[in-house]
Amino acid sequence: QVQLVESGGGSVQAGGSLRLSCAASGRTFESYAMGWFRQAPGAEREFVAGIRWSGAFMSLADSAMGRFTIYRDNAKNTVYLQMSSLKPEDTAVYFCAAKQGVGITTAAREYDYWGQGTQVTVSS
């Protein structure tokens, strides 16, 4: 019922910036929490950032604090992850996700819908 499509990934040099987009369709999302996760080769999927579809609450992983920002454009049903000061360790496939209920959690298993992922590669 809910479809999520990520875009905006690519290859950048360390210190560069990227903005990832997650376009959502199929439902209204006032009772949803949205999240960004990433998965590097050989690693588990980890939480990066989360935001309620409505309201001001958001959450960032420690690794993202001070460098990444999550925000919404509700009119476009789109959630963004603005990434700055990128480091090689940020290299991963980035996924957007949605869960029913407004509470943001960091556990991937709690999310109900997932996009296909977009690759981010940061080189030194």
Side-chain heavy atoms under 4.5 angstrom apart, residues restricted to Ile, Leu, Val, Met, Phe, Trp, Tyr: same cluster for Val79 and Val2?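 Yes, one cluster joins them.
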Cluster overlap Phe47 with Ile51, hydrophobic side-chain contacts below 4.5 Å: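 Hydrophobic grouping puts Phe47 apart from Ile51.
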[Y] and [X] side chains, donor-acceptor separation under 3.5 Å:
X: Tyr71; Y: Arg19; result: yes
X: Gln3; Y: Ser25; result: yes
X: Ser123; Y: Gln13; result: yes

Hey, what do you get for [atom1] ([X]) to [atom2] ([Y]), rounding to the nearest 0.5 Å?
X: Tyr80; Y: Ser7; atom1: OH; atom2: OG; value: 8.5 Å
X: Tyr111; Y: Ile104; atom1: OH; atom2: CD1; value: 6.5 Å
X: Leu60; Y: Thr69; atom1: CG; atom2: OG1; value: 7.0 Å
X: Met34; Y: Asn77; atom1: CE; atom2: CG; value: 9.0 Å

Please find out if less than 6.0 Å separates the ring center of Phe95 from that of Phe37.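 Phe95 vs Phe37: aromatic centres not under 6.0 Å.
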Other residues, nucleotides and ligands only: do more than 12 of their heavy atoms fall within 6.0 Å of CD on Glu89?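 Yes, enclosed.
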So, the side chain of Arg45 versus the backbone of Arg38: is there a donor-acceptor pair under 3.5 Å, distance only?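 It does not hold such a pair.
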